[in-house]
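What you see is a predicted model; the values in this text were computed from it and never measured.
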Amino acid sequence: MHQDVLELIGRSQFLILLIRDVLVVNRLKLRSHIIQVVKKYLNNAQVSEATVSGFHGSYCANPPQPLSERELYEILLELSSPLAGYLGRKKAEDWRNDRFYFLRELIVDQT
């Protein structure tokens, strides 16, 4: 019986790790998609930077998951942090007026 319990615990831990890995990959894919939305929006609008409301409209056209404008802003903020460096940000007085611009791609390789 001890062996059965140990095998069950081992399988459970494996499943937890597998689920965690899937969640991490999905979060990376979402961020990669958002970067592509930013890049495409700026290119199509022929501007170098824009606010979250502009990006939110484009994002909502083909969202991998629903995000509010504030949730999108939080991810844009994360992607524009010096540690990430995928987007740039010009800070304004109000979060709705912060302007973001494209810096580099986020490629999610699943090989």
Side-chain angles (χ1 to χ4, degrees):
M1 183 168 148
H2 245 53
Q3 186 64 29
D4 292 340
V5 171
L6 291 176
E7 285 180 25
L8 184 59
I9 290 171
R11 285 188 208 136
S12 297
Q13 288 175 339
F14 174 75
L15 286 174
I16 289 169
L17 292 174
L18 184 62
I19 291 168
R20 188 194 70 197
D21 288 349
V22 168
L23 291 173
V24 167
V25 168
N26 285 342
R27 288 176 55 105
L28 287 171
K29 284 182 179 179
L30 174 63
R31 280 146 181 78
S32 179
H33 177 78
I34 290 170
I35 292 168
Q36 290 305 310
V37 166
V38 168
K39 182 179 177 183
K40 187 175 180 181
Y41 177 87
L42 295 174
N43 187 47
N44 289 345
Q46 295 183 332
V47 295
S48 59
E49 58 193 40
T51 63
V52 67
S53 62
F55 299 132
H56 191 256
S58 292
Y59 175 82
C60 288
N62 184 24
Q65 73 181 59
L67 292 176
S68 69
E69 201 168 279
R70 184 63 192 210
E71 289 169 323
L72 179 59
Y73 173 79
E74 294 296 330
I75 295 173
L76 291 171
L77 197 60
E78 171 191 318
L79 293 169
S80 68
S81 76
L83 291 175
Y86 295 102
L87 302 176
R89 175 175 72 125
K90 292 184 179 175
K91 186 166 174 48
E93 292 295 320
D94 180 41
W95 67 270
R96 289 177 183 86
N97 296 321
D98 281 4
R99 303 184 70 77
F100 294 90
Y101 52 94
F102 175 80
L103 291 175
R104 65 186 177 107
E105 305 279 346
L106 170 59
I107 299 167
V108 181
D109 184 17
Q110 291 188 269
T111 57

| For E78, all residues meeting side-chain hydrogen bond (donor to acceptor under 3.5 Å, both in side chains), sequence neighbours excluded | R31
| field | Any residue meeting side chain to side chain contact (heavy atoms under 4.5 Å, CB included) with P64, in chain and number order, not counting sequence neighbours | value | L30, H33, Y59
| message | Within the 4.5 Å heavy-atom criterion, are S53 and R96 side-chain neighbours or not? | response | no
| note | Applying side-chain hydrogen bond (donor to acceptor under 3.5 Å, both in side chains) to S48 and not counting sequence neighbours gives none
| message | L79 vs V38, test: side chain to side chain contact (heavy atoms under 4.5 Å, CB included). Steps then yes/no. | response | CA-CA 11 Å; L79 293 169; V38 168; over 6 Å; no
| request: Name all residues meeting the ring pair (Phe, Tyr, Trp, His ring centres under 6.0 Å) criterion together with F55; count only those two or more places apart in sequence or in a different chain, and write none if there are none. | output: Y41
| task | Could you check if a side-chain atom of V52 sits within less than 4.5 angstrom of a side-chain atom of D98, using non-hydrogen atoms only? | result | no
| Residues forming a ring pair (Phe, Tyr, Trp, His ring centres under 6.0 Å) with H56, sequence neighbours excluded | none
| field | For R70, all residues meeting salt bridge (charged side-chain N to carboxylate O under 4.0 Å, His left out), sequence neighbours excluded | value | E74
| request: Measure the spacing between CG of L72 and OG of S58 and express it to the nearest 0.5 Å. | output: 10.0 Å
| remark: Nearest heavy-atom contact between S32 and V108 is CB-CG2, 3.9 Å
| Partners meeting side chain to side chain contact (heavy atoms under 4.5 Å, CB included) with E105 (sequence neighbours left out) | Q36, K39, F102, I107
| request: Not counting sequence neighbours, which residues clear side chain to side chain contact (heavy atoms under 4.5 Å, CB included) with S80? List them please. | output: L77, L87, R89, F100
| message | So, using side-chain hydrogen bond (donor to acceptor under 3.5 Å, both in side chains) as the criterion, who are the partners of K91 when residues are at least two apart? | response | none
| message | Testing the basics here: between L106 and Y86, what is the closest heavy-atom pair and its distance to 0.1 Å? | response | CD1-OH, 3.3 Å
| For R99, side-chain hydrogen bond (donor to acceptor under 3.5 Å, both in side chains) partners two or more places apart | E49
